[in-house]
Amino acid sequence: MSRKIKRLVSRATRPRPPEFDPGAALSLLRQGRLTAAEAICGQALAVNPRQAEALNLLATIRQQQGEFQEAVRLLTTAIGLSPDRADYLCNLGSAHRGLGEPGPALLAFRKALALSPGQLEAQFNLALTLLDLDDRDQAAQTLIRLLSVRPVFVPARQLLARIRSAQGRTDEAVAELFEIIRLEPENSAAHCELGNLMQAQGRLAEAASAYERAIASRPDYAVAINNLGNTLVKQGLIHQALRRYQEALRHDPDLVEAHVNLSWTYKAHGMLKEDVAAMRGYLARHPEDAKAHSDLLFSLNYDPDYSPAELLAAAQDWWRRHQPSTPPLAARPRAAGDGLRIGFLSPDFRKHPVGTFLLPLFEALSSHPEVSLRCYAELAEGEQDEISRRLRAVAGGWFSTLGLDAKAGARLVREDRPDLLIDLAGHSANNRLDIMALKPAPVQASWLGYVNTTGLPVIDYRLTDAVADPPGSERHYSEKLIRLPGPFFCYAPPAEAAEVGPLPALQEGRLTFASLNNPAKITEEVIALWAELLRRVPGSRLLLVGSQFRDPEIAGLYLARFVKQGAEAGRIRLVPARPWREYFQLHNQIDIALDPFPHNGHTVTCHALWMGVPVITLAGDRYAARLGASVLAAAGLNRYVARDQAEYLDLAAALAADLPGLAELRRRLRPRLQEAPICDVKGFAEGFLRTVAELLAPVAGTGRPPALDES
C-alpha cells in the first residue's frame, strides 16, 4: 500500500474532535460552571483558533474571572473575524469598563448600537459608561430612549432614578421609583431608595413606611434596616433606632455605617461600655478600617476607666495599624520673600465649635500683610453656612479635600506650600488624618478640635495652654506640647445670645442646677455626685438638656439612674435640645451650671458664663478633664475650680446658699468676661501668631514674629 493511501486511511479512521457547541458552553456559563465552559471553548480553539464564538464566550469567562485585559484581547480577535457582531462589541465595551477605560468602552458601545440600534444591553451599558464619564444628562437621555422601547426594563428605571436624584430632580426620581414599584411591588431596592429620598426631604413618616415595605419584602435587608434606624433618630425615637442598628448588624456584621450609627446611639444612651465593646468587635473583623478605629478612640475619651497612659497607647496603636506604606512627601520649601502661610485642615469650617472658635482668630489676622491663612476643607458645598462664608471671605486660600484620597489631598496641600499645617479634627468624625500622615507640610500641629493626642509622630506639636495641660502632661502625648501665652482659645459671644435675666431662684423660690452638656458625658460617678448635691441643697432641682431627651425611653433611662443614686424623680427635669435662640433663653431658668467629668464641657461653659451663669468644674488628670478649668481661668473665675469631688460639692452648695451674692455675680459675669482674656481677640491673635512664628523660625529663617496691625 502506498504512503499516500496509508495517510488517507489514517485520516479516515482517526477520531474526529467534537464540533464546537456554543449552546452547551453558554448553558454551562449561565450555571456558573466556568471550568467546564472554558474546556469546551478551549477544545474548539485548539482545532480552529479562528472560531469567533468560542473566543467571545471565553472572553466572557475571563471577564467573570476579573481578567479584563485578556478579555479585551480575545474580543478584539473575535471582532476582527466577525466585525458585524454587535454583541461582541457590547462585550468589548464591558471589558474596557472593567479595566476602568470609559473612552474605549464608549466607542465600543456606540459601534454596537450603530450595527443594532435596538440592542438594549448596549444602550444600558452606554448609559453606565456615560456616568463613568460624569455625563449625567446624556446618560439620562440614553435611558429615556431605552425605556421608550421597553418601558418595563426595571434596571434602566432604577438607574434613571439615581441619576435624577443626584441631579436634584427629586420629583422625577420619586416618579421613577413609584413606576418601578407598580411594575414590581416587592422590589425592596426601590422601596429603600424611595425611603432615602423621603428622608432627605424631611418626610420622615413616609420614609419609615418605605423602609418598612422594603424590609417586609426582604427581612434581611441590612441597609434598609439601618436607614430606618436613621429615620427613627430624626424622629427622636433613638431607643427604637438602637434596636434597628443591632438588627442590621445581625444580618450584615460588616455594614460599616450601622457600626458607626450604633456607636453614636450607645453614647446617646450613656452606654459607654457597650459602645466601646461594639467598636472593638467590629475592628477585630476589620482591623484595616482607620475611620472606625478613630471612632473608637473618640469614644474612649468619654470612658473614665481609661487612664491617660492607656489613651496614649491606644492612639499610638492607631498609627501602628494605619501608617502609610509610602514615605512622607518632601515638603516644598517656601519661596524667598513669602509671608507666613498657616494652613488649617478640618471638616468643621461651619457652625460648629471649631468653626466658631476659629472665626475670631481669622478675622483678627485677615488684614495682616505678612500672614496668609489657608483652609483645606473636608466640607460639601451644601454643608457650608454663614460661618463658612465668613471664614472663606478672610482666608487667603480655600481648597476642598472632599472626595480626594490621601495622596491627592496631600499633594493639594503640598502644592499650596503652607509653612505650618494645623489639624483641627484629630480622631473626631470626618477627619483627614490620612492626609496629615503623609506630612505634606514641613511643620504640623494639632489644635482645638480634639481632646487628646492623635498618636501620629508626623504631627510635631499640639497647641494648648498651661491650665488645660499643666507641666507634667507631656507624657500623655506623642506631640510636643506648645502652650499659648494665654488660653488655648478665644470666645466670640454669639449674636443670638439673649440678655441676662434676673436670678431665677429669687423669683421661683428654689434653686436650679443644670448641665447643658452632651448627656454622654454624664457618667454614673457624675450622677452620684449630683444626686448628693441635690440632697445637700434642699428644694433644689436639676435641669439636664440633650437632643436624646426627645425620646421618652432614653429620658426614663437617665431618670432611673438618678433615682438609683437616691435623687427624687420630681426634682430632675430632662429637656430636649432647643433651637439656638431658645437655647440661650433657657439659661434664664438656670442659677448654677455643673460641669461633668472626666470629660468637661467647653463651648457650653463659655455660653453659660456669657449668660451670667457660674459653672462649677472639677479639674482632672487630662486635657478633656481640664477644659472647664481652662475656661474659668480665662474668665478669672478660678475659685469655682474644684480639686476633688468633696470640694466640688462644697463650692456648689456654698454658691447656692448665698442668693444675694449669686444674683450679684450673675449681673457682673458678662461685663467681666468682656474684659477678661477669654474674649480678648486681639491679645489671643497676637499670642497665637507669636507662638507660630517662633515654632517656624528654623523653617522661615528668622525668629522675628510678625506684628499685628495696630489699626
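In what follows, residues are counted from 1 in the order of the sequence shown.
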message = Evaluate Lys351 against Trp580 for side chain to side chain contact (heavy atoms under 4.5 Å, CB included), listing each step before the verdict.
response = CA-CA 11 Å; Lys351 195 168 188 176; Trp580 200 228; 3.3 Å; yes
task = Take Leu484 and Phe684, measure what side chain to side chain contact (heavy atoms under 4.5 Å, CB included) needs, and give me the verdict at the end.
result = CA-CA 9 Å; Leu484 294 166; Phe684 175 76; 4.0 Å; yes
task = Considering only NZ, NE, NH1 and NH2 on the basic side and carboxylate oxygens on the acidic side, decide whether Arg390 and Glu363 come within less than 4.0 Å.
result = yes
message = Please confirm whether the ring centroid of Tyr245 lies under 6.0 Å from the ring centroid of Trp264.
response = no
task = Any chance you could lay out the ring-ring contact (aromatic ring centres under 6.0 Å, His included) test for His607 and His587, step after step, and finish with the verdict?
result = CA-CA 9 Å; His607 291 336; His587 288 78; 7.4 Å; no
ask   = Quick one: are the ring centres of Phe349 and Phe344 less than 6.0 Å apart?
value = no
query = When you look at Asp303 and Lys273, which way does the salt bridge (Lys or Arg N to Asp or Glu O under 4.0 Å) test go after all the steps?
reply = CA-CA 8 Å; Asp303 194 330; Lys273 302 298 182 193; 3.0 Å; yes
request  = Using the six-membered ring wherever Trp is involved, compare the ring planes of Phe357 and Tyr491 and label them parallel, tilted or perpendicular (cut-offs 30° and 60°).
outcome  = tilted
query = Do Arg561's NZ or CZ and the ring of Tyr558 fall within the cation-pi criteria of under 6.0 Å and 45°?
reply = yes
query = Thinking salt bridges, do Arg536 and Asp650 make one under a 4.0 Å N-O criterion?
reply = yes
inquiry  = Under a 4.0 Å threshold between the charged nitrogen and the carboxylate oxygen, would Glu508 count as salt-bridged to Arg541?
reply    = yes
query = Does Arg581 come within less than 4.0 Å of Glu496, counting only side-chain N to carboxylate O?
reply = no
key: Salt-bridge criterion met for Arg392 and Glu386 (N-O under 4.0 Å)   = no
key: Contact summary for Phe489 and Ser630, nearest pair of heavy atoms   = CE2-OG, 3.9 Å
Within 45° cone and under 6.0 Å: Arg462 NZ/CZ vs Tyr623 ring = yes
message = Does Arg668 form a salt bridge (Lys or Arg N to Asp or Glu O under 4.0 Å) with Glu675? I'd like the steps, not just the answer.
response = CA-CA 11 Å; Arg668 291 189 289 107; Glu675 301 300 322; over 6 Å; no
inquiry  = Closer than 4.0 angstrom, basic N to acidic O: yes or no for Lys682 and Glu686?
reply    = yes
